[in-house]
Amino acid sequence: SALDGGIDGITLSAGLHLDSFALMADHPRFRDAKLGIIVSSARALRLFLRKNARLDRLPDYIIVEGPLAGGHLGFGLDDWMKYDLASIVAEVLNYLKSEHLSIPVIAAGGIFTGTDAVNFLELGAAGVQVATRFTVTHECGLPDKVKQEYFRAEEKDIEVNGLSPTGYPMRMLK
């Protein structure tokens, strides 16, 4: 439907979308629209690329989401804290280099400062994705009462839990 509507690009949400490109492959705009994926490991990227090799269509960009991202995490409830975004981004960049693939990598999840962003760019990321920082802006549709909770929150108010209907762990304010 997004391709039918003339959308310029689609980022597949986090998770292993092994068949999502195949679902779009017959669409006349499949090769024209920008298609991105979100992964939380080089292993997930390898699986995605292997599954989609027959389509002869690589993602136009890869968002590498770390364990400090808001919302759903690509890690288990008991092991998310064992990972860090910089290591995962380096692992994905090394994998792409070893496969001679030139796909821009965007670091996401836990980028708090300009220095954080610069560090990822120096590591080799093509860009960074920052989301939670913008939940308190005027443009964000959250009610002002909720935005104030973000301002009041301290690190102890953030939790990772399994309350999601998807069953995947998620990072949220208590």
Side-chain angles (χ1 to χ4, degrees), residues 1-76 79-135 137 139 166 168-171:
S1 294
L3 292 172
D4 286 343
I7 199 85
D8 293 326
I10 300 170
T11 302
L12 299 175
S13 62
L16 283 175
H17 289 274
L18 298 179
D19 295 316
S20 294
F21 272 28
L23 292 172
M24 297 182 272
D26 291 335
H27 196 281
R29 297 192 59 243
F30 175 64
R31 300 202 180 275
D32 299 327
K34 299 292 184 196
L35 301 177
I37 62 170
I38 300 174
V39 298
S40 57
S41 69
R43 179 179 177 273
L45 176 59
R46 275 193 302 276
L47 289 170
F48 179 88
L49 294 176
R50 189 173 306 131
K51 176 77 174 185
N52 290 282
R54 63 183 168 75
L55 299 175
D56 195 31
R57 172 67 159 93
L58 294 172
D60 293 293
Y61 55 93
I62 301 162
I63 298 173
V64 176
E65 196 169 77
L68 297 181
H72 290 110
L73 304 178
F75 307 91
D79 65 354
W80 65 269
M81 71 288 292
K82 297 176 188 174
Y83 299 92
D84 71 277
L85 180 59
S87 298
I88 301 167
V89 168
E91 178 184 317
V92 167
L93 289 168
N94 288 334
Y95 170 73
L96 290 171
K97 184 177 180 181
S98 74
E99 296 295 315
H100 307 287
L101 296 172
S102 181
I103 305 171
V105 170
I106 300 166
I111 299 172
F112 298 107
T113 66
T115 301
D116 292 340
V118 168
N119 289 340
F120 283 104
L121 296 175
E122 289 176 347
L123 183 63
V128 297
Q129 174 180 289
V130 182
T132 304
R133 294 286 176 256
F134 295 104
T135 58
T137 64
E139 294 81 6
T166 67
Y168 292 105
M170 61 187 292
R171 176 182 298 287

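Please read these numbers as outputs of a predicted model, since none were measured by experiment.
- In this structure, A42 and Y95 approach most closely via the heavy-atom pair CB-CB, 4.3 Å.
- Residue E91 holds its CD atom at 11.0 Å from CZ of R43, rounded to the nearest 0.5 Å.
- The CG atom of D19 sits 4.0 Å away from atom NZ of K51, with the distance rounded to the nearest 0.5 Å.
- The distance from atom CZ of R57 to atom CG of L35, rounded to the nearest 0.5 Å, is 4.0 Å.
- Remark: of the listed residues T11, V105, I37, V39, T11 is the sole one forming a side chain to side chain contact (heavy atoms under 4.5 Å, CB included) with I63.
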side-chain contact (heavy atoms from CB on, under 4.5 Å) for D116 and T113? Distances and angles first, verdict last.
CA-CA 5 Å; D116 292 340; T113 66; 3.2 Å; yes

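- Between L12 and S20, the shortest heavy-atom distance links the atoms CD1-CB, 3.6 Å.
- The side chain to side chain contact (heavy atoms under 4.5 Å, CB included) test with S87 is passed by exactly one of L85, V89, D84: D84.
- To the nearest 0.5 angstrom, I103 atom CD1 is 5.5 Å from L49 atom CG.
- Here the CG-CZ distance, from D8 to R29, works out to 6.5 Å after rounding to the nearest 0.5 Å.
- In this structure, the separation between CG on L55 and CZ on R31 is 7.0 Å, given to the nearest 0.5 Å.
- Looking at heavy atoms from C-beta onward, F48 lies out of side-chain contact with I62 at the 4.5 angstrom threshold.
- For the pair R50 and L18, the minimum side-chain heavy-atom distance is 4.5 Å or more.
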Applying side-chain contact (heavy atoms from CB on, under 4.5 Å) to L3 and I10, what does each step give before you reach the verdict?
CA-CA 9 Å; L3 292 172; I10 300 170; 4.0 Å; yes

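- Closest heavy-atom contact between P67 and I88: CD-CD1, 4.3 Å.
- Atom CZ of R133 is surrounded by more than 12 heavy atoms from other residues, nucleotides or ligands within 6.0 Å.
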